[in-house]
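A quick write-up on the structure given underneath.
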Amino acid sequence: MQVSKEEILHIANLANLNIKEEEIEKYKTNLEEILNFANIVNNAPIDGLNETITANDSYNVFRKDEVKKFEDREALLQNAPEKERRMFKIPKVM
Amino acid sequence: MLNDYEVVIGLEVHAELSTKTKIFCSCPTTFGAEPNTQTCPVCMAMPGALPVLNEKVVEYAVKAGLATNCSISRNCKNDRKNYFYPDLPKAYQISQFDKPLCENGEIEIELENGEKKKIGITRIHIEEDAGKLNHDEFDGNCLVDLNRAGVPLIEIVSEPDLRSAKEAESYLRKIKSILEYIEVSDCKMQEGSLRADVNVSVRKKGAKEFGTRTEMKNMNSFRSIVRAIEYEAERQVQEIEKGNKISQETLRWDDVSGRTFSMRDKEDAQDYRYFPEPDLVAIRLSEEYIQNIKDNLPELPESRKERYLNEYKLSEKDARLLTASKYLSDLFEGALAICGNAKLVANWLLSDISRILNEKELEPDQIPFGEKELAKLIILIDNGTISSAIAKKVVEELFENPKDPEEIIKEKGWIQISDESAIKEVVLKVLANNEQSIIDYKAGKDRALGFLVGQAMKETKGKANPQMLNKMFLEELNK
Amino acid sequence: MDLTELTVHELQEKLKNKEINVSDITKAYISRIDEKEKDVQAFVTVLKEEALKKSEEVQAQFDNRENNALAGIPIGIKDNINTKGIRTTCSSKMLENFISPYNATVIEKINEENMITLGKLNMDEFAMGASTEYSYFKKTKNPWNLSRVPGGSSGGSAAAVAANMVPFALGSDTGGSIRQPAAFCGVVGLKPTYGLVSRYGLVAFASSLDQIGPITKDVKDCAILLNVIAGHDEKDTTSANIEKKDYTKALKNDVKGLKIGVPKEFLGEGINEEVKSRILEAIEEYKKLGAIVEECSLDIAKYALASYYIIACAEASSNLGRFDGIRYGYRSKNFNNIKELYKNSRSEGFGEEVKRRIILGTYVLSSGYYDAYYKKAQQVRTLVKQEFEKCFNKYDVILTPTSPTVAFEFGSKSNNPLEMYMADICTVSVNIAGVPAISIPCGVDSNGMPVGLQLIGNNFAEETILNAAYTFEQQFKFREKYKPEFKI
């Protein structure tokens, strides 16, 4: 399994992570090694098996459409790195 | 040149569902609250918080699916659509990818020439709305308000069956009307609770392949959708004629300049990495559940229209116009229930009231007065308290300052003069001042009568009862 | 008498007999923390003042009230479980100063019992690791030998229990993060059936695998703590709606006729010889106790491990997207636009292992690779479930080592991610299948390091494995034979 430098950079960009030039090789080797191992799944006898999404098979777990207000609204804002007029402040977005 | 080409349009309509609470938490969905007051750990994406699906969201989406002739999936699930944007606090939107709730529907729209056309609905799925970014005018920064984050949406995706801006408009009007009828969305475009992503491409007439499409996101007025499609189709044709290729991209429509602009860095090509949402369990709908919703579906515009034709003997056109908007149609039925005069209510709604809506670029749900005021107006006309000339003024006034029409006419002194002696006085005065008209009338010119009545109306500022004026002029002239 | 030597049920007995006060317990633990924390480094946050104050309040109530089983008993909480008003860091720079606005459901339950939170315990950053070396704050030491790791990711929880700095603790287990550190530290750790304990308020690593569970001194304490935290929660739709049980009633000290399967694949290649010997001795012990032990086959470990890393990383890459420097958490000082704000905050706020897993997870979900990895991994998951079902048609319990090795030296694996991942080989299948498993100590190796025995049960058969573990424990008496020595 080969992963190109461009792929690593593309994936890092999708995940919003910086990878320094000198780190690329390390990430590339790690990723290739792990992917090579993970490739075992392609040898597993899984033809025709369904996919399991969660470990249990329950379904139709719903909530009633009833308002319950969260009490401590201020606590929801207290960790904001920067805020103004009860809103989270960020740089300009296109 | 444009005539050699065909425009192909597909719409992705997003409608906020009118549930009391958000899709995955119990926060209220009321519009316009103070920033970040309708939030909790779930919709603010606090670490460790988990979603729980609102049962009404599933019900409303199934209703929408049934009303647009979709087949309803018995088995479906939620998926995560991963992308970073400051209005999306989890950095993924819980949506539905390969197993939407509803698929393969169609609705019928009416074309300008009166013909009918079927438009395919590819799918309807449920998802959550994003928050709102407010731009700070002073320092150019953005402020994030998450009150809207997690408000339930359905996305209705059409087939690329639309062939003109007008068709796109009537499709969207039809969708809006259906959603209003089944009461799953208030469809207030001005509040963003109904908006559309518009996909446009062009191809040479007769071509089999579709052209490359561009997408304009989050359009929220009929007028700008029509303008944007017209502009974009023409731009694409010009590009192609110049020998250029259309690139598949997202565009921004600017209403002020009337142009579209390219929006995204090419470098940031999206890859949403959809995968099944592990925090939510599967949705399985039984036949019984679906049948029950089907049985309780409210009356849709078509059947209401039929009823208007049969019960109230309205014309085909009037019935169609009235039922196009649930709001208008409800207003009609509400007023009718009070005053009992279907023809008159329909006439006033479709003439003067619709004209004012057009002039002011308002939607029927923005009519500032209700069924009681409208019914009162009709009663006042019906019993001769006001003339239709006065009634027109009352309607204008109702838009400015909505209140009981009776009070309006009292305040303004617009009560019709039906007193015989008062009318006689006016008639005699007008006759005395218009001898030529009397001569004309006697010479057989019937038009002279109309002139005299007009003069009398002018004299009374429109308040004289026109029937009585007519009658009395005739009596005097024929003496 | 040192109260911190006692198990929770022993403390309960003494409270009931009025031999001790509620506040004596908290005081004893706080002085033990003062004594040992400098060596062990198990805590991210110690709540001394708060704990003392609460213990006095509880004492006052306790004097005037019928015996409330767990009122006044201290507990330690892994630092990825949200505690309102208290720092919840996930041992990450990203959440170094994050004060949670809400309590996890398990914390609500602990508060309802009037238990006393002594502090928040160290872990691998965002629970990603098997040694607690990936904590941003500190390296927790193994109380048996301070030059060795305590295991992970719940290393702080296991070390604190082993060092008697808390009577018991909550951990979380995504691929072995409760059982493996419990094995390394010579204590008991249970990963409940997926859905038995609410995940609401547990900072998600891999949503479809994560479970909160107890880390305790003995099996009875494990049953006691499970009684508190198990139960349906409407805030977690994956939480199972099953009847509440009293797990202590399952401890019968009797395994006669219990059918135990020992999959040969879990005692083969890659398993340390001394570990293997202890496991074989344990098997003999079970036979003596009247259990029917048979070799069986469960040839899914490697598939399960591969699928585990695909699924866990894929879910993690999505779950950790919310750490964007906007609403909470670390924000870089260095940015000119929103993209830089995202990238720099995340790159500076996350440690290397977390970034590695986010990149792996993003990769396997990205366009063109989904079918080859994620989809296959989900199919493997079905296979693993089916194979377990087959085993449970024949056996009540499956017995394996908890880890292929005893606790290793610091730095010996942290530079080789794949080797670190292989340390999970015995535990991850259980998370992939969703079934419960308990790790109990079954002896020590020639260096005096504890060896862990894993007992796996069928879905919601916690009672069966608790009883099997309890019966062995009563016979083997590990706690009487061995004690951590804080060797340097």
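Naming convention: chains lettered A, B, ... in sequence-line order (proteins, then strands); numbering from 1 in each chain. Bear in mind that the values here come from a model prediction, so they are computed numbers and not experimental data.
- Here the closest non-hydrogen pair linking B:M46 and C:R322 is O-NH1, 2.9 Å.
- Contact count versus chain C (heavy atoms, under 4.5 Å) is highest, among B:A91, B:C142, B:P41, for B:P41.
- Contact of C:F98 with chain B is made through the side chain alone, with heavy-atom distances under 4.5 Å.
- Atoms CG and OG, from B:D271 and C:S367 in turn, are 5.0 Å apart once rounded to the nearest 0.5 Å.
- The environment of B:K99 atom NZ is sparse: at most 12 non-hydrogen atoms of other residues, nucleotides or ligands sit within 6.0 angstrom.
- The structure places OH of B:Y85 at 13.5 Å from CG of C:D324, a figure rounded to the nearest 0.5 Å.
- For a residue to count as touching a neighbouring chain, one of its non-hydrogen atoms must lie under 4.5 Å from one of that chain's; by this rule C:T88 does not touch chain B.
- Only the side chain of C:N82 has a heavy atom closer than 4.5 Å to any heavy atom of chain B.
- The shortest distance between side-chain heavy atoms of C:Y102 and B:C40 does not fall below 4.5 Å.
- Other residues, nucleotides and ligands contribute over 12 non-hydrogen atoms within 6.0 Å of the CZ atom of C:R331.
- In this structure, the portion of B:Y274 lying under 4.5 Å from any heavy atom of chain C is its backbone and not its side chain.
- Formation of a donor-acceptor pair under 3.5 Å by the C:T237 side chain with backbone atoms of B:D279 is found in this model.
- Residue C:N319 touches chain B through both its backbone and its side chain, counting heavy-atom pairs closer than 4.5 Å.
- Across all non-hydrogen atoms, the minimal contact from B:P278 to C:T238 is O-CG2, 3.7 Å.
- Of the inter-residue distances, the one linking B:K81 atom NZ with C:S318 atom OG reads 13.5 Å to the nearest 0.5 angstrom.
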Query raised in the report: Step by step, would you call C:Y370 with B:R273 a side-chain contact (heavy atoms from CB on, under 4.5 Å)?
Result: CA-CA 8 Å; C:Y370 182 89; B:R273 289 159 284 136; over 6 Å; no
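- Annotation: maximal heavy-atom pairing with chain C below 4.5 Å, among B:L88, B:V42, B:N82, occurs at B:N82.
- Here the straight-line distance linking atom OG of C:S208 with atom CZ of B:F275 works out to 8.5 Å at 0.5 Å rounding.
- With a 4.5 Å cut-off on side-chain heavy atoms, C:K339 and B:F84 do not count as touching.
- Within the 4.5 angstrom heavy-atom criterion, only side-chain atoms of B:Y92, from C-beta onward, approach chain C.
- Contact annotation for C:I338: only side-chain heavy atoms (C-beta onward) come within less than 4.5 Å of a heavy atom of chain B.
- For the set C:K375, C:E234, C:R199, C:Q378, the count of heavy-atom pairs under 4.5 angstrom toward chain B peaks at C:R199.
- When each of C:Y369, C:F323, C:Y374, C:Y200 is checked for heavy-atom pairs under 4.5 Å with chain B, C:Y200 comes out on top.
- Closest approach of C:E315 to B:R80, counting heavy atoms only: O-NH1, 4.1 Å.
- Residue B:T39 holds its OG1 atom at 11.0 Å from CZ of C:R327, rounded to the nearest 0.5 Å.
- Contact count against chain B (heavy-atom pairs under 4.5 Å) is highest for C:G201 among C:G201, C:A314, C:A104.
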